[in-house]
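Worksheet for the structure shown next.
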Number of protein chains: 2
Amino acid sequence: MRTVTLKQIAEELNISVTTVSKALKGYSDVSKETKKRVLDLAERLDYTPNSFAVSLRMRQSKIIGVIIPDTVHYFFSIVIKGILKVAEQHDYMVILMQSNEKFELEKKQIDLLLSKGVDGILISLSNNTKRFDHLQKVIKHDIPLLLFDKIAKTVNCSKVYIDDRKAAYDAVTYLINKGYRRIAHFRGDLNPQNSIDRFLGYKQALLDNNIPFDPKLVYMCNNNTDFDDGYNNAKQMFEDHGHTIDAVFTITDLISIGIIKYCDDNGIKVPDDLALFGFSNWFMSSVINPELSTVEQHPFKIGETSAEILFDEIKRKLNDEPIEYKKVVIPTELVIRKSSEKSENNPIKKVINL
Amino acid sequence: MRTVTLKQIAEELNISVTTVSKALKGYSDVSKETKKRVLDLAERLDYTPNSFAVSLRMRQSKIIGVIIPDTVHYFFSIVIKGILKVAEQHDYMVILMQSNEKFELEKKQIDLLLSKGVDGILISLSNNTKRFDHLQKVIKHDIPLLLFDKIAKTVNCSKVYIDDRKAAYDAVTYLINKGYRRIAHFRGDLNPQNSIDRFLGYKQALLDNNIPFDPKLVYMCNNNTDFDDGYNNAKQMFEDHGHTIDAVFTITDLISIGIIKYCDDNGIKVPDDLALFGFSNWFMSSVINPELSTVEQHPFKIGETSAEILFDEIKRKLNDEPIEYKKVVIPTELVIRKSSEKSENNPIKKVINL
DNA sequence: TTGTACGCGTTATCAG
DNA sequence: CTGATAACGCGTACAA
């Protein structure tokens, strides 16, 4: 089916392309009658504007680009959902790319998005991104850019993220208040800021409660297979410290789940022998046994907010209004479940706002 | 930064736009020298072709559209990963949309993709899609279309899917061979074909093994909250049948996981008191306790294959070659884990090809 | 080897 | 109220 153009409608009605265009766009300077004729015919022929031509003419694509490290990740898949929802509301479409945690790929994808003429870019940086020329390039091109979750502080653009340090601080403080004293931390790799911040939050919570920080209680998870990291480090921890550890705060839920598995396999009771506190509130944390206490990051909200801000910047740019970059910190919450509630029989489940 | 065009390069070098264009595209009828001058300048100015203009001229966008019911779904997020990988290899970008299982939305999204001029569309239908005019429209527009996973048999286009019936048949047969006799089925809603097919496979396996089919052992899960469905139906099942049931085959892993939870809460041992067999091999099924036996659908392969076929059709269309629609059935496999292995102590974990 | 001219489909300006 | 004309940036048949 050959797609119908303004020209065809114009010829059919013996009027000019200009008039057809105006009629369709509801301009006031078209007679009621011609307008009706045009609209009717357009309807009948199922006219759709050629978006390439419109984009060329209007210099905007009505598309934004989104780059994330990995689609197969509960957190990101929800972020995406939030972005898609807002994009739809704004009549925008979303090109999705995943960097697979590779800097080079991320860089290439930025170039692709720029060459495609997207109106804005949302990106969550790969763990291996340590230089930001590619982001500077976006800014130089005057394309609205927003970093979310995995951000770079030095890049001059809007950002949406959580306060990892505070969230970790809150979680560990909660454990301390519950009476746990020897609290280990299974941390992430040295690089991503999130990993560092959560570690710092852990450490600070200990110190603020007069519990000496013991580096021997910190285990590194950097095999990119979180579950196994949790399992293996749990094994190592029990070898190193016997059963003297009260609780573990892990950088992400999956690591806690690995620990649960190890405990299951070795007759160690969670939370009675060892309490656990995760991070991210993966869906599976609510169905595993025992249910896992964790930190809710509100990924949907992160996606929504990021997209809203980006579209606002796109609009402002279009209207030549000034843009000031926003830094939005999405509040986190502790989700308390069984894994941190020693010797209580009830499945208490409460959300704590801090 | 104003983006640089052919015209600017031409002016700078005092040659025609045509020559610049030809030089950049490696045409043979350009002198070595001018070619070099053009390439150098283009490089220096970081020239990027305006994709709107190219698309308008060439009548192709180098974009495909992908519609899925939900991004927050382990299966789909992996399918997406497969699609993105292949798209990248083919130098294509992907616009992602989610229908949220709503027919009206899916229909609208098809229109949006068509109006955007995508070169092809991959879609997994929403559960509420029972009419296919919107798909016919795509076909009428001569845009390559491929259905995956949630397909419609009557639509004339390529399809990639699994044999749900056989997979279910294999799973239930496995249970039977293991010695289980009273096997319940927690099925899905009446509508999606997958749900029907898995049920039919279940039924057939029973009959082929001379086990009478008992409709009372079939429970319906249709609250769209699989986990709760599993939990609640488990409760109901034990009320209805006491502990006479050997095993349950569930339409998806999450429902099995709900059952596990119910069993945990009520001192029922899986698999010793009740064996479970899920479907889809969600990641969480490998870390839950007990690990869940399930059906591997190879979503990555589904994504890859779908994209490959679509790009082949796009290419053929471009070259005016004939297109014949393919129906590819991706083989499934049983993943045997603890939940179906009564009274074995070892965590046997084997994959069975059927 | 280079350049002219046209068209892709739309929108904006301006003259009638 | 209507329409002619130009422009967006690129690619290509054809002329020079």
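Numbers restart at 1 for each chain; the letters A, B, ... are given by sequence-line order, proteins then strands.
The backbone N or O of B:Gln98 sits less than 3.5 Å from a side-chain atom of B:Gln109, completing a donor-acceptor pair. Side chain of A:Thr129 to backbone of A:Leu125: no donor-acceptor contact under 3.5 angstrom is found. Put simply, the side chain of B:Ser158 never gets that close to the backbone of B:Tyr325: no donor and acceptor are under 3.5 Å apart.
Between A:Tyr27 and C:dA12 there is a side-chain polar atom (N or O) within less than 4.0 angstrom of OP1 or OP2. The phosphate of C:dG9 has neither OP1 nor OP2 within less than 4.0 Å of any side-chain N or O from A:Tyr47. B:Thr19 has a side-chain polar atom (N or O) that falls below the 4.0 Å cut-off from OP1 or OP2 of C:dG3.
A salt bridge links B:Asp312 to B:Arg316: at least one charged side-chain nitrogen sits closer than 4.0 Å to a carboxylate oxygen.
Considering only the side chain of A:Ala53, C:dG9 comes nearest among D:dA13, C:dG9, D:dC1. Considering only side-chain atoms of B:Ile15, the nucleotide from D:dT12, C:dG3, C:dT10 that sits closest is C:dG3. For A:Val30, counting side-chain heavy atoms from C-beta on, the closest listed nucleotide (D:dT12, C:dT10, D:dT2) is D:dT2. Side chain of B:Lys7, nearest nucleotide from D:dG11, C:dT4, D:dC8: D:dC8.
With hydrogens and angles ignored, no donor-acceptor pair closer than 3.5 Å exists between the side chain of B:Thr34 and the base of C:dT1. Looking at A:Ser16, its side chain has no donor and acceptor atom pair within 3.5 Å of the base of D:dA4. Judged by distance alone with a 3.5 Å cut-off, a donor-acceptor contact links the side chain of B:Lys22 to the base of C:dG3.
Atoms CG (A:Leu13) and P (D:dT2) sit 12 Å apart, rounded to a whole Å. Rounded to a whole Å, the CG atom of A:Leu24 is 16 Å from the C1' atom of C:dA12. Rounding to whole angstrom units, CE of residue B:Met58 and P of D:dC8 are separated by 21 Å. The interatomic distance linking B:Leu6 (CG) with C:dC6 (C1') rounds to 16 Å, in whole Å. For the pair B:Arg57 CZ and D:dG11 C1', the computed distance is 4 Å after rounding to whole Å. We find that CD of A:Glu33 is positioned 13 Å from C1' of D:dT2, with the value rounded to whole Å. Taking atom CZ of residue B:Arg59 and atom C1' of nucleotide D:dC10, one finds them 14 Å apart after rounding to whole Å. D:dC10 atom P lies 9 Å from atom CG of A:Leu56, rounded to whole Å.
The minimum heavy-atom distance linking B:Tyr92 with B:Asp119 is given by the pair OH-OD2, 2.6 Å.
In this structure, A:Thr5 and B:Ser31 both approach DNA chain C, and ranking their closest nucleotides by distance from the 5' end singles out B:Ser31.
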